[in-house]
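Down below is the structure, laid out as structure tokens.
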Amino acid sequence: MQTPSKHAQAGRSIFMSSLTGLANTLAVVATFLGAPPLFSKTIPWAQAYAARHYGYGYDDLVSLGWFVTCVLIVFFVSRASISTALVMGGLALATRFL
């Protein structure tokens, strides 16, 4: 038999895992929409920087590496922002109604 505190902890655990899943899903959507524009705006700079400092001939490698970097930056920044906003919003709702 579960005590009321264990039952409340289980409810909070389900709520937090749902918020985490929602934040990850929204971060994937934001990455899908945000990474290509970031990449297309910054790839000329990245390739010029690599050519100036590392020599010519690395354009394809720099392009691939920069795309992966842009995807990871957009994903992790959006996941951190969205999860923080969801947790704060959820806590605000929980304190208002409890």
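In what follows, residues are counted from 1 in the order of the sequence shown.
Applying the side-chain contact (heavy atoms from CB on, under 4.5 Å) test to T20 and every residue at least two apart in sequence or in another chain returns N24. The ring pair (Phe, Tyr, Trp, His ring centres under 6.0 Å) search around F67 returns F39, not counting sequence neighbours.
Of all non-hydrogen atoms in I43 and S40, the two that sit nearest each other are CG2-O, 4.0 Å. Closest non-hydrogen pair, V74 versus A30, comes out as CG1-O, 3.8 Å. Nearest heavy-atom pair across C70 and T42 is SG-OG1, 4.0 Å. Considering all non-hydrogen atoms of both residues, A35 and V71 come closest at CB-CG2, 3.9 Å.
The CG atom of L86 sits 11.0 Å away from the OG atom of S18 when rounded to the nearest 0.5 Å. The line from OG of S78 to CD1 of I73 is 11.5 Å long, rounded to the nearest 0.5 Å. Rounded to the nearest 0.5 angstrom, T69 OG1 and W66 CH2 are separated by 6.0 Å.
Considering only heavy atoms from C-beta on, S83 stays 4.5 Å or farther from L19 through its side chain. Using a 4.5 Å heavy-atom threshold, the side chains of R79 and T31 count as separate. Residues V28 and F32 have side chains not in contact (no heavy-atom distance under 4.5 Å, counting atoms from C-beta outward).
Remark: side-chain polar atoms of S63 are not paired, donor with acceptor, to backbone N or O of D59 under 3.5 angstrom.
Both L26 and M16 belong to a single network of hydrophobic side chains, linked directly or stepwise wherever heavy atoms of I, L, V, M, F, W or Y lie under 4.5 Å apart. Cluster membership for L38 and F75, using ILVMFWY side-chain heavy atoms within less than 4.5 angstrom, is not shared.
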